[in-house]
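Each chain gets a letter, A, B and so on, in the order its sequence line appears, and its residues count up from 1. The shown structure was predicted, so the numbers you read here are calculated from the model rather than taken from an experiment.
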Protein chains: 2
Amino acid sequence: MDAIDLRLIDLLRENARSSYAELARQVGLSAPAVHERVGKLEAAGTIRAYRAEVEHEAIGLGVTALIGIVEDSGADTDDVLSALRVMPEIESCYFMAGVESYQLTVRVGTIAELEQLIVRINRTRGVASTRTAIALSTKWENRPQPGLDPALG
Amino acid sequence: MDAIDLRLIDLLRENARSSYAELARQVGLSAPAVHERVGKLEAAGTIRAYRAEVEHEAIGLGVTALIGIVEDSGADTDDVLSALRVMPEIESCYFMAGVESYQLTVRVGTIAELEQLIVRINRTRGVASTRTAIALSTKWENRPQPGLDPALG
DNA sequence: AGGCGCAGGTCGATGGCGTCCATGGCATCA
DNA sequence: TGATGCCATGGACGCCATCGACCTGCGCCT
């Protein structure tokens, strides 16, 4: 992981469909060299996936909400987690410091679906309570921040 | 926007680097047809960008936190927003219903940097108070949910 | 100090792919 | 029913991904 790897990652975070030839031009290496570097970054798990970012309204998922979950005392965290994992509406799931053990980002099509989802989560064994906040609008999302190699300061 | 467009979007959300030939195979069309459809989805803004998803620890951004912001009464929301927008650490920014007008997702390298960021946000004109919760671990993030055409039910 | 081995780079070739164009079918509408 | 416009098809061409061969610089071991 050197400065060129970081540069490649930044470029792919800006546009994941850049060709290897284009990347090679930008970092000043040959295309095969870039190909090998990117392959190693993928194999090492540094690059996890390449995803298209979508206007959620256009695909019928226009309602975004954040849900905090308070666990029952003595609840089995693994049970709660695996119950959450099978709910496709949950886009992201963080395990948090604080009273609310989990913080979720969820996407649904309508407020009615959000209501059903909240009910389902509240009914889950191990969940004591939830707190939901609805996003009225998204100012920006997943804006990539240039990476900083810790070794490079 | 028909079922094939939705399928293409789902495929590109799974792997944004799929070739047009591969996409064409999966949806049963020719490559030029897929090329044109994807181009229109991009032009319409339905597909916003293609991004590599990264292991944040590997690029020196291993600390994730969620920050809620309470605005001053009478604060100019646009001023607050433009002040937030220039902070690269803020990955996502939602305008929320509730006491906390904004909910941020932020990434920094260390707890010390998080502290500095919080101070900077609190000092921002129009910000009354903030509430920060640190993510101890990320269970999953940006998991794509298959799109549902509202017209198709 | 010298030689060996390896990691990682460039170069060149080839096959597949992206992309443009002309053609033809189909549905819509007058 | 005839015209029209959109869209998929298929072919062609040039670029790109990808593989193999060779080269260079560096570390290590003797």
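Distance, A:E36 CD to C:dC6 C1': 12 Å, rounded to whole Å. Whole-Å rounding puts the A:L41 CG to C:dG8 C1' distance at 14 Å. Atom pair A:L29:CG and C:dT10:C1' shows a separation of 10 Å (rounding to whole Å applied). The nearest whole Å value for the distance from the CD1 atom in B:I4 to the P atom in D:dC7 is 12 Å. For the pair A:D2 CG and C:dG8 C1', the computed distance is 11 Å after rounding to whole Å.
Ranking D:dG10, C:dC17, D:dT18 by closeness to the A:P32 side chain, first place goes to D:dT18.
Within the 4.0 Å cut-off from OP1 or OP2 of D:dC15, not a single side-chain nitrogen or oxygen of A:R25 is found. At D:dA17, none of the side-chain N or O atoms of A:H35 fall inside 4.0 Å of OP1 or OP2 (strictly under the cut-off). Taking side-chain N and O atoms only, A:S19 has no distance below 4.0 Å to OP1 or OP2 of D:dC16.
The residue among A:R17 and A:R37 whose nearest nucleotide of DNA chain C lies closer to the 5′ end is A:R37. Residue whose closest nucleotide on DNA chain D sits further toward the 5' end, between B:K40 and A:Y20: B:K40. Nearer to the 5' terminus of DNA chain C, by closest-nucleotide assignment, is the contact made by A:A31 (compared with the other of B:S18 and A:A31).
Remark: A:K139 is not positioned above the aromatic ring of B:Y94, lacking an NZ or CZ atom under 6.0 angstrom from the ring centre and at most 45 degrees off the axis.
Atom CD of A:E115 has 12 or fewer heavy atoms from other residues, nucleotides or ligands within 6.0 Å.
Between A:E91 and A:R107 there is a salt bridge, with a side-chain nitrogen of the basic residue lying less than 4.0 Å from a carboxylate oxygen of the acidic one. Taking a cutoff of 4.0 Å between a charged side-chain nitrogen and a carboxylate oxygen, B:R120 and B:E89 qualify as a salt bridge.
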